[in-house]
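Shown next, in structure tokens, is the structure this report addresses.
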Amino acid sequence: MMGNRGSSAIQTLYDFCKKTFTPTTTHGSPGAIQKLRSLLDTITPTDVGLKEDLSDDERGHGFFSGNHVLRNQYSPRMARWAQPITYLHIHECNNFTIGIFCLPTSSVIPLHDHPGMTVLSKILYGSMHVKAYDWVEPACVQRTADTQSDPLTLFYLVCYREGNPCKHGALIVKVRLAKLKVDTVLTAPCETAVLFPTSGGNLHCFTAVASCAVLDVLAPPYAESAGRRCTYYLDHPYSSFVIAVIFLFERVPIFAMELTGLATAGSGLELDESEENYAWLEEIAAPDDFYIRSGRYSGPVVQD
């Protein structure tokens, strides 16, 4: 229905992605995304040259073309994992990428974002824990006044719960409030997951409960020059921090007050849900013990 008779499943996927993701339709229409999701639901490990009966060792090391290491592009050092995550490249262009991540048991893809991107993820085999967040809008950020014209300045700051925010600037930490969208274990076969730029769990973390593989379609792909840089985060319980209102007179702190309840600073928005559904996300450098090796894709080759 979506491809030519006799074409491979991955060729059909590529052809539909090419029609769906263009310079003028960066994220695809809702109808096209649903069709693409249904198509991904039908793809099996065999369709992409994988075998479901491989051991962890074979899945961790059996696809490599030489000793090339596709280092996590933001990681400064090599990892210490005995069995690295493997990435199998299928296709990449300016509009979308198609590839497969093979994760040995207990391996982790850390919490990261997909700025301005739509991502479809199909678990081909195995089992993984998925934890995903979306940003709470408006963001909880520092708010200032013009101290040149207004001697009394009001700041909204997120601070460590312990300590006096009026006393020491080092207590201030740059975090942003996010809402938990997914926290579950997914086991193949299961439906394809879809995330969008501002919904669906745009920031996620994968932990392999058992050896698993994920077929990913990203549109548009990461591109730092276009503002789509992959950023990593550490999630903290909501109770770890406090929103403080700090009053300054001529830039000198004179009074600090803690805001109570689930509220985003300056927004007037009260969140009537449990604190467990929210977390503070702190931007971090890519973990030193995370890297990805490039493997050899052995499935059907896509034709442009």
Side-chain angles (χ1 to χ4, degrees), residues 33-34 37 40-41 72 81 85 100-140 158 160-161 173-218 222 230-243 261-264 267 269-287 289-290 292:
I33 294 299
Q34 184 55 49
R37 184 179 188 180
L40 280 162
D41 283 342
N72 165 23
W81 288 345
I85 296 168
I100 301 170
F101 290 92
C102 299
L103 290 77
T105 302
S106 299
S107 61
V108 177
I109 296 180
L111 184 64
H112 62 284
D113 64 355
H114 306 83
M117 300 160 66
T118 297
V119 180
L120 297 95
S121 299
K122 159 69 174 179
I123 300 180
L124 295 168
Y125 63 72
S127 182
M128 67 163 49
H129 178 260
V130 179
K131 193 172 189 180
Y133 297 93
D134 284 321
W135 293 122
V136 169
E137 299 292 352
C140 180
V158 181
Y160 288 107
R161 180 165 292 280
V173 63
K174 187 177 180 179
V175 292
R176 184 173 173 184
L177 189 62
K179 184 175 181 179
L180 183 65
K181 303 298 290 188
V182 180
D183 188 9
T184 190
V185 173
L186 300 177
T187 301
C190 58
E191 291 185 347
T192 298
V194 186
L195 63 84
F196 300 96
T198 59
S199 63
N202 185 271
L203 305 96
H204 65 201
C205 170
F206 293 160
T207 302
V209 176
S211 180
C212 57
V214 183
L215 173 61
D216 265 356
V217 176
L218 283 70
Y222 287 111
C230 183
T231 303
Y232 292 89
Y233 296 89
L234 183 64
D235 55 345
H236 301 273
Y238 183 86
S239 59
S240 299
F241 299 96
V242 60
I243 303 174
L262 278 165
T264 54
S267 70
L269 174 64
E270 292 289 338
L271 305 173
D272 57 356
E273 300 179 54
S274 169
E275 290 186 3
E276 295 179 357
N277 294 329
Y278 294 87
W280 296 106
L281 304 191
E282 177 185 5
E283 182 176 334
I284 61 171
D289 58 355
F290 171 60
I292 298 173

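Only heavy atoms go into these numbers, but all of them, side chains included; no hydrogens, no water, no symmetry mates. The model shown is predicted, which means the values in this text are computed figures rather than measured ones.
At a threshold of 4.5 Å between non-hydrogen side-chain atoms, the residues His114 and Phe196 do not count as touching. Residues Ile123 and Thr187 form no side-chain contact, since every pair of their non-hydrogen atoms from C-beta on lies 4.5 Å or further apart. Tyr133 has its side chain out of reach of Cys205: every pair of non-hydrogen atoms, C-beta onward, lies at least 4.5 Å apart. Residues Asn277 and Tyr238 form no side-chain contact, since every pair of their non-hydrogen atoms from C-beta on lies 4.5 Å or further apart. When side chains are defined from C-beta on, Leu281 counts as touching Trp135, because their heavy atoms get closer than 4.5 Å. Put simply, the side chain of His112 does not reach to within 4.5 Å of the side chain of Phe290, judged on heavy atoms. The shortest side-chain heavy-atom distance between Thr118 and Pro197 falls under the 4.5 Å cut-off. Between Tyr233 and Pro110 the shortest side-chain heavy-atom distance does not fall below 4.5 Å.
The distance from the CG atom of Asp183 to the CD atom of Glu276 is 10.5 Å, given to the nearest 0.5 Å. Rounding to the nearest 0.5 angstrom, the gap separating the CD1 atom in Ile109 from the CG atom in Leu103 is 4.5 Å. Remark: Leu186 CG to Lys122 NZ distance equals 11.0 Å, nearest 0.5 Å. From Leu120, atom CG reaches atom CG of Asp41 across 9.5 Å, with rounding to the nearest 0.5 Å. In this structure, CG on Asn202 lies 8.0 Å from CE on Met117, to the nearest 0.5 angstrom.
Formation of a donor-acceptor pair under 3.5 Å by the Thr105 side chain with backbone atoms of Ser211 is found in this model. Judged by distance alone, the side chain of Asp134 and the main-chain N or O of Gly200 form a donor-acceptor pair under 3.5 Å.
The heavy-atom pair separating His204 from Ala132 by the smallest distance is CB-CB, 3.8 Å. Taking all atoms of both residues into account, the shortest heavy-atom contact from Gly201 to Leu195 is O-CD2, 3.5 Å. In terms of heavy-atom proximity, Ser121 sits nearest to Asp216 at OG-OD1, 2.6 Å.
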Under the criterion side chain to side chain contact (heavy atoms under 4.5 Å, CB included), I'd like the reasoning laid out for Asp235 against Trp280: C-alpha separation, chi angles, the key distance, then a yes or no.
CA-CA 6 Å; Asp235 55 345; Trp280 296 106; over 6 Å; no
Would Thr207 and Val209 count as a side chain to side chain contact (heavy atoms under 4.5 Å, CB included) here? Give the steps.
CA-CA 6 Å; Thr207 302; Val209 176; 5.7 Å; no
After noting the C-alpha distance and the side-chain angles of Phe206 and Val108, does the key distance pass the side chain to side chain contact (heavy atoms under 4.5 Å, CB included) rule?
CA-CA 6 Å; Phe206 293 160; Val108 177; over 6 Å; no
Leu111/Leu234 under side chain to side chain contact (heavy atoms under 4.5 Å, CB included): CA gap, chis, key distance, verdict
CA-CA 7 Å; Leu111 184 64; Leu234 183 64; over 6 Å; no
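Within the structure, salt bridge (Lys or Arg N to Asp or Glu O under 4.0 Å) contacts touching residues 188-207 (residues at least two apart or in different chains) are Arg37-Glu191.
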